Structure formats: structure tokens, C-alpha cells
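FYI, the numbering just counts along the sequence from 1. Everything numeric in this text was worked out from a predicted model, so none of it was measured.
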Amino acid sequence: YSAGYVTRLSETTVTLTRPHAAVNRPGERLATLFSSKPRKIDMSVHVFKAPLLMFFIAVGVMIQCASAEAAQKRAYFAGGCFWCVEKDFEQVSGVSEVVSGYTGGKTANPTYKQVVRGGTGHYEAVEIRYDSSKVSYERLLYLFFRSVDPTDAGGQFCDRGDSYRTAIFVTNAAERAAAEKAKSQAQRDLGRRIVTPIIDASRFYNAESYHQDYYKSSDVVLTRRGPKSKAEAYKFYRKSCKRDQRVKRLWGGAAPFAS
């Protein structure tokens, strides 16, 4: 309606008028299509509906956000070289990110050199950030055991020393129960004693930025074979360390990441 048609506006009603309009229809006399009598539209219902609709939309958005946040979880595993574990688990559907770092020890803010030298008590480990509505903690445990040599108490593959040992770090009783169950199942499947400890989680320290996403970085580093991208250096390291060969020999077709 144009402004000229609005004759009165209050909080609850709008009064609208329209002029006469008539048409000639074959066989019919002129007809008045609209009455000139003002008609009232009750706006109170419409004024009420809009805020109510916005309220329900806001509640729905908050519920969705809360559900999504509740589904975001973190798992902590040590499986030898954290470059390799990071690369393996970033392939898993439902995992959003894997961060390389250190945990399990007492030294605050440890450096890579301190950890590999020994004495800090820390393991090279990863923090796996995942959506539990897409991948379960139990599934991550299954994949972890079959991506390492859990029978080796002295390190992993070519990397020797306490910082390269395997471990699972649990944050609550439910995770501990799941880890114990997964360990028992892996031991039955393998037919050998598994030495991977299940430890109460302590503070996780992110490793230096140099180590993050190492396996896919294009940054150039100096290697024994000359300058190489980190991605190339990583592939050479993994092959030379015979990680995949050992895992395939141990787990056969159950090894999820060995190529």
C-alpha cells in the first residue's frame, strides 16, 4: 500500500482504505471490487510472531553449537616419531587436526633437544583432535595399536630411547576402560605380549613449529642428500627407518597406514 492509503496507525492496528475500482465484464454491470469502508488489520499477532520466531531460531542455533562443541574430543598417543603419527592420523575421517608435542614427563616447556637427549620423562606424542560423532575413541585406539610396534619397549623402529616408546594417555575412567579393552584385543589378535602402557594424561606441550605438519611442508631443509623439502625429507626418513615394513610384517593386512 502507498503512504496515501494509511489513515491510522497504532500499536495494535493499521487502518487501510482503498478507493473504488470497477471493471466492465461482458454481460455484467459495473462492479465495485473494493469497499471504501476502512478495514482494520490486527497487527498484535504479527508483532508477537516475529520475536517468537527469532527466539526459537536462536535456541536452535545454540543447541546445534553446543552439540557440535560436545562432539569435539582429544586423544593422546605416543607412537615413536611424531611426524609419522601425525601424518597417519590426519588421514582418518573425523579427525580435524593432529598436533605434535611432548607429554608424560615433569620438565615444563620442554624442547625437542631436551626430550630426545633424555631425562625429561617426556614422550614424543600427538594430540588428536576429532569429532566423536564421526569417529569414535575406540576406533582411534584400534588404528593406533596397528600402526606401531607395541611389543617394543625400547623405542620404535630406528628411533631408540625412552622418548620414542609407545604409550596411551587417558583423561578419564571411560578412556582408560576403552584403552584396556583395545590393548587386550590387540594382544589377542597379535598373539604376543603388548608393552604399551596406559598412563593418566598430564599436560601436553606443543612441539616447536618446525615440527608441525612436517610431512607435508614445502620448506627446504638440509639433509644427508642435500637440500630437500621437509615433505621429501620425511618420505626418505620413513622409508629408511623401515617403519612401514615392520608394521606390515607385524600386523599384515590389518596395518591401516603402512604403504
Review point. Among Arg165, Arg192, Arg246, Arg160, which one satisfies salt bridge (Lys or Arg N to Asp or Glu O under 4.0 Å) with Asp152?
Key: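 Going through Arg165, Arg192, Arg246, Arg160 one by one, the salt bridge (Lys or Arg N to Asp or Glu O under 4.0 Å) with Asp152 is satisfied by Arg160 alone.
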Practice item. Mind running disulfide (SG to SG under 2.5 Å) on Cys241 and Cys158 for me, showing each step along the way? Key: CA-CA 5 Å; Cys241 204; Cys158 67; 1.9 Å; yes
Exercise for review: Flag the pair Ile199 / Tyr76 as yes when at least one side-chain heavy-atom distance between them is below 4.5 Å, and no otherwise.
Suggested key: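 Of all side-chain heavy-atom pairs linking Tyr76 with Ile199, none is under 4.5 Å.
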Exercise for review: List the steps and the verdict of ring-ring contact (aromatic ring centres under 6.0 Å, His included) for Tyr102 and Tyr123.
Suggested key: CA-CA 6 Å; Tyr102 317 108; Tyr123 293 71; over 10 Å; no
Check your understanding: Counting only N and O atoms by type, is there a donor-acceptor contact under 3.5 Å from the side chain of Gln212 to the main-chain atoms of Ser209?
Key ->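 Checking the backbone N and O of Ser209 against the side chain of Gln212, no donor-acceptor pair under 3.5 Å is found.
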Review point. Is Ser217 reaching over with its side chain to a backbone N or O of Asp213, donor-acceptor style, under 3.5 angstrom?
Key: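 No, the answer is negative, given that no donor and acceptor are paired below the 3.5 Å cut-off.
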Exercise for review: Specify the closest pair of heavy atoms between Ile194 and Phe145, including all atoms of both residues, with the distance to one decimal.
Suggested key: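 Here Ile194 and Phe145 meet closest at CG2-CE2, 4.0 Å.
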Review point. Taking all atoms of both residues into account, what is the closest heavy-atom pair of Pro110 and Val115, and its distance?
Key: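 For Pro110 and Val115, the tightest heavy-atom pair comes out as CB-CG2, 3.8 Å.
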Is there a path of hydrophobic side-chain contacts, each under 4.5 Å between heavy atoms of I, L, V, M, F, W or Y residues, that connects [X] with [Y]?
{"X": "Tyr234", "Y": "Val116", "result": "yes"}
{"X": "Tyr210", "Y": "Phe204", "result": "no"}
{"X": "Tyr142", "Y": "Ile198", "result": "yes"}

Exercise for review: Any chance you could lay out the salt bridge (charged side-chain N to carboxylate O under 4.0 Å, His left out) test for Arg176 and Asp200, step after step, and finish with the verdict?
Suggested key: CA-CA 8 Å; Arg176 176 170 287 279; Asp200 287 336; 2.9 Å; yes
[Y]/[X] salt bridge by N-O under 4.0 Å criterion:
{"X": "Glu232", "Y": "Lys230", "answer": "no"}
{"X": "Asp88", "Y": "Arg238", "answer": "yes"}
{"X": "Asp131", "Y": "Lys73", "answer": "no"}

Report yes or no: do [X] and [Y] form a side-chain donor-acceptor pair below 3.5 Å?
{"X": "Glu86", "Y": "Tyr214", "result": "no"}
{"X": "Arg188", "Y": "Gln185", "result": "yes"}
{"X": "Gln156", "Y": "Tyr164", "result": "no"}
{"X": "Thr196", "Y": "Thr166", "result": "yes"}

Point to revise | is_close_aromatic(Tyr237, Trp83), centroid dist under 6.0 Å | key: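 Aromatic pair counts; centres sit under 6.0 Å.
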**Study point:** Phe144 and Phe77 aromatic centres sub-6.0 Å
**Key:**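 Between Phe144 and Phe77, the centre distance is under 6.0 Å.
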